[in-house]
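Basis for what follows: all heavy atoms, side chains included, without hydrogens, waters or symmetry-related copies.
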Amino acid sequence: MKRRDFMKAVSVVAGFGAVATHTTAQDKVRRVGALLVGEITKKFLEDSLKQRGWKLGNNLMIESRIYNGDTDLAHRYARELISLKPDVLFALTNTSMAALQAEGSTLRTVFAMVSDPVGMHYVDSFSRPGHNVTGFTPFEPSLGGKWVSLLKEIAPNIQHIGLVYNPEPGNNSAAFRESIDRTARASGIASVETPSGGESDIERLIVSFKDKPDSGLIFLPDAFTSSQPDRFTALVRQYRIPAIYPLRSFCDADGLISYGVYFIKIFDGAVSYVDRILRGADPAELPVQAPTEFELVVNQKAARQLGLQLPPDLVARADEVIG
């Protein structure tokens, strides 16, 4: 999402989630430690908490660390934030949550954009998290099959699919594979390939598809790729590969199609949990929230660049058409 669009959305969403009517007696300065992917989310976190009655530098201090998708840096910053012992940790994306968990955090934590929190053993269940962690998960496993179906709808001849994500520990690929593989088999897909090793293998996987006819890509939710949408959509366009993405920010960067949650609503919901915990709520009693709304965005300009004709029915179903 472009900065101007994001900040416009911030002003809108801040109104829907605002709970600024009571700050109660907060003589003690509360502290939040935030492990974030980019600068723009830092601004959104600050604004959302201000809308809920907190005054930065007065009754609230926020220590933010921004790692731009770098896994090693995420672990370093996780250690730093844990050592500060804030009242609440805020973890944005799987990479952030995995880093805090790997570094042995026992602090109260709210996550956003983290898939399969039960499977990753962050919480006991959605309804009863049970420990020190809760949050908002943006993706459900069935989305994997939906991405396959949409990709096949755009390019019916596709036989080979590459899954694009950072394969390092903490990734969320397992949450989607059963749904992806099941739909791929039913759709006549011959192969589903994945990266191996680390971040460097992501580009290798994409490049390997340039000479493979009837192929396409599915970008899974991932901090590394999501922090660089322009880079990855440019690479995909260079090799003229149909691809579907999990967030509309990729379509804003001239990606072909995206299907996923409204990021701002997930983020703001998670901030509402940060606010509640700062006011005394127990994270073990705050249920993990799953998405109820999804948006389909298509980019006609990107389709023309790839030499594709988007099906009229798909365009008609889209929540937004770019270009």
Side-chain angles (χ1 to χ4, degrees), residues 1-14 16-17 36-41 43-45 48 68-69 92-94 112-115 136-140 142-151 153-154 163-165 172 176 216-237 241-271 290-306 308 310-311 314-323:
M1 183 180 292
K2 292 184 174 67
R3 181 179 178 84
R4 62 178 180 273
D5 295 326
F6 191 96
M7 296 315 297
K8 179 180 178 182
V10 166
S11 64
V12 173
V13 174
F16 105 13
L36 306 172
V37 181
E39 282 287 345
I40 203 164
T41 52
K43 175 65 173 171
F44 190 17
L45 174 62
S48 293
N68 292 309
L92 178 62
T93 77
N94 295 287
M113 306 300 285
V114 169
S115 302
F136 280 62
T137 181
F139 300 99
E140 56 183 38
S142 63
L143 278 175
K146 182 68 173 180
W147 292 325
V148 175
S149 297
L150 285 168
L151 192 58
E153 189 174 355
I154 291 170
L163 303 184
V164 183
Y165 62 93
N172 63 337
F176 304 105
L217 301 171
I218 296 175
F219 278 67
L220 299 184
D222 183 89
F224 181 70
T225 57
S226 296
S227 67
Q228 310 172 71
D230 294 275
R231 171 191 170 190
F232 285 103
T233 55
L235 186 64
V236 169
R237 286 197 309 275
I241 308 170
I244 185 167
Y245 305 92
L247 296 170
R248 69 153 297 141
S249 55
F250 287 94
C251 284
D252 290 331
D254 289 333
L256 177 62
I257 181 172
S258 68
Y259 184 73
V261 297
Y262 291 88
F263 170 78
I264 295 170
K265 290 186 177 181
I266 293 292
F267 194 110
D268 193 70
V271 175
T292 58
E293 297 179 77
F294 300 90
E295 64 174 341
L296 174 65
V297 180
V298 297
N299 190 316
Q300 291 276 38
K301 175 185 174 183
R304 291 191 293 270
Q305 291 173 334
L306 292 169
L308 293 173
L310 294 178
L314 177 66
V315 176
R317 297 197 322 263
D319 296 286
E320 184 171 348
V321 178
I322 299 173

Separation between CG of D268 and OH of Y262, rounded to the nearest 0.5 Å | 15.5 Å

Salt bridge R317-E153, side-chain N to carboxylate O under 4.0 Å = yes

At their closest point, which heavy atom of W147 faces which heavy atom of P246, and how far apart are they?
-> CZ2-CB, 4.0 Å

Using atom types as modelled and distance alone, determine if a side-chain donor or acceptor of N94 lies under 3.5 Å from a backbone N or O of S115.
-> yes

Return yes if some donor-acceptor pair links the side-chain N/O of R304 with the main-chain N/O of G323 below 3.5 Å, else return no.
-> yes

Under 3.5 Å, side chain of T137 to main-chain N/O of V114, donor-acceptor pair present?
-> yes

Name the one of Y245, F224, F219 that satisfies side-chain contact (heavy atoms from CB on, under 4.5 Å) with V164?
-> F219

Do S226 and V37 come within less than 4.5 Å of each other through their side chains, counting heavy atoms only?
-> no

Shortest non-hydrogen separation from F263 to L92 and the atoms involved | CE1-CD1, 4.2 Å

Close side-chain approach of T225 and F250, heavy atoms under 4.5 Å | yes

Spacing of CG belonging to L256 relative to NZ belonging to K301, to within rounding of 0.5 Å | 13.0 Å

Could you grab the distance from atom CG of N299 to atom CZ of R248, nearest 0.5 Å is fine?
-> 10.0 Å

Donor-acceptor under 3.5 Å (T233 side chain, A253 main chain) = yes

May I ask you to test the L308-P242 pair for a side-chain heavy-atom distance under 4.5 Å?
-> yes

For the atom pair CG (L143) and CZ (F294), what is the distance rounded to the nearest 0.5 Å?
-> 5.0 Å

Measuring from S227:OG to F232:CZ, what's the distance to the nearest 0.5 Å?
-> 7.5 Å

Nearest-0.5 Å distance that lies between atom OG1 in T41 and atom CD1 in I264 | 12.0 Å

Is the side chain of S48 donor-acceptor paired with the backbone N or O of L45 at a distance under 3.5 Å, no angle test?
-> no

If every non-hydrogen atom of V298 is compared with every non-hydrogen atom of L310, which pair is closest and at what distance?
-> CB-CD1, 4.0 Å

Just by distance, do the side chain of D254 and the backbone of A302 share a donor-acceptor pair under 3.5 Å?
-> no

Decide yes or no for I244 and I154: does some side-chain heavy atom of the first lie under 4.5 Å from some side-chain heavy atom of the second?
-> no

Does some side-chain heavy atom of L151 sit less than 4.5 Å from a side-chain heavy atom of L217?
-> no

Contacts of F139 that satisfy ring-ring contact (aromatic ring centres under 6.0 Å, His included) - sequence neighbours left out | none

